[in-house]
Amino acid sequence: KAEFKKDFESACATISASIVTGRAGQKFGTIKDIADACRTLDIDLGRMQAIHIAGTKGKGSTAAFTEKLLRESGVRTGLF
C-alpha cells in the first residue's frame with residue numbers, strides 16, 4: 001500500500017504542476033500539458049472511460065453537449 005500511495009501522490013503532483021488557472025486561451029495547463037503529464041505517468045488516455053468537466057462556468061451545458069455528441073456517436077453514456 002505504501003508503494004501505491006507514493007505513486008498516487010507522484011501522479012497528483014505531476015498533474016497538479018501542469019494545471020495553472022487562467023482565462024480561456026491560456027498557455028499553461030492546456031490539454032496538451034495534461035496529455036504530456038499522462039504520457040510521463042504512463043497513463044493510457046485511450047482506455048479512459050470517463051470525462052471530468054471542471055471550472056466555474058458552463059459545466060452543465062458542456063456536459064450535456066458532450067453526452068449528446070457521444071450518445072449520437074453510439075457510445076453508451078451516463079451523465080451525473
Side-chain angles (χ1 to χ4, degrees):
K1 287 190 175 188
E3 185 177 318
F4 172 78
K5 184 177 179 185
K6 181 181 176 188
D7 289 342
F8 179 75
E9 289 171 356
S10 296
C12 289
T14 300
I15 291 170
S16 294
S18 297
I19 300 171
V20 177
T21 58
R23 296 177 182 254
Q26 64 195 25
K27 295 185 179 180
F28 301 100
T30 63
I31 297 295
K32 181 186 178 312
D33 295 330
I34 300 302
D36 289 345
C38 288
R39 269 192 293 283
T40 298
L41 296 167
D42 199 29
I43 297 171
D44 182 3
L45 292 175
R47 296 190 63 202
M48 293 292 227
Q49 295 184 359
I51 297 173
H52 179 88
I53 300 170
T56 56
K57 295 183 179 182
K59 292 180 296 295
S61 57
T62 299
F65 176 78
T66 302
E67 192 266 345
K68 184 166 179 70
L69 182 74
L70 289 169
R71 184 176 293 180
E72 289 187 9
S73 296
V75 177
R76 194 174 92 195
T77 64
L79 181 58
F80 303 95

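Starting from 1, each residue takes its place in the sequence as its number.
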Quiz item: Using a side-chain heavy atom cutoff under 4.5 Å and only I, L, V, M, F, W and Y, what cluster partners does Val75 have?
Solution: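 Under the 4.5 Å side-chain rule, Val75 groups with Ile51, Ile53, Leu70.
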Quiz item: Residues two or more places apart in sequence or in another chain: which of them pass side chain to side chain contact (heavy atoms under 4.5 Å, CB included) with Leu79?
Solution: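 Testing Leu79 for side chain to side chain contact (heavy atoms under 4.5 Å, CB included), a comparison that skips the adjacent residues, returns Ala63, Glu67.
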Quiz item: Is there any side-chain hydrogen bond (donor to acceptor under 3.5 Å, both in side chains) pair reaching into residues 37-47, and which pairs are they, with sequence neighbours excluded?
Solution: Asp36-Arg39
Self-check item: Which residues share a salt bridge (Lys or Arg N to Asp or Glu O under 4.0 Å) with Lys68, sequence neighbours left out
Solution: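 Listed in chain order: Glu72.
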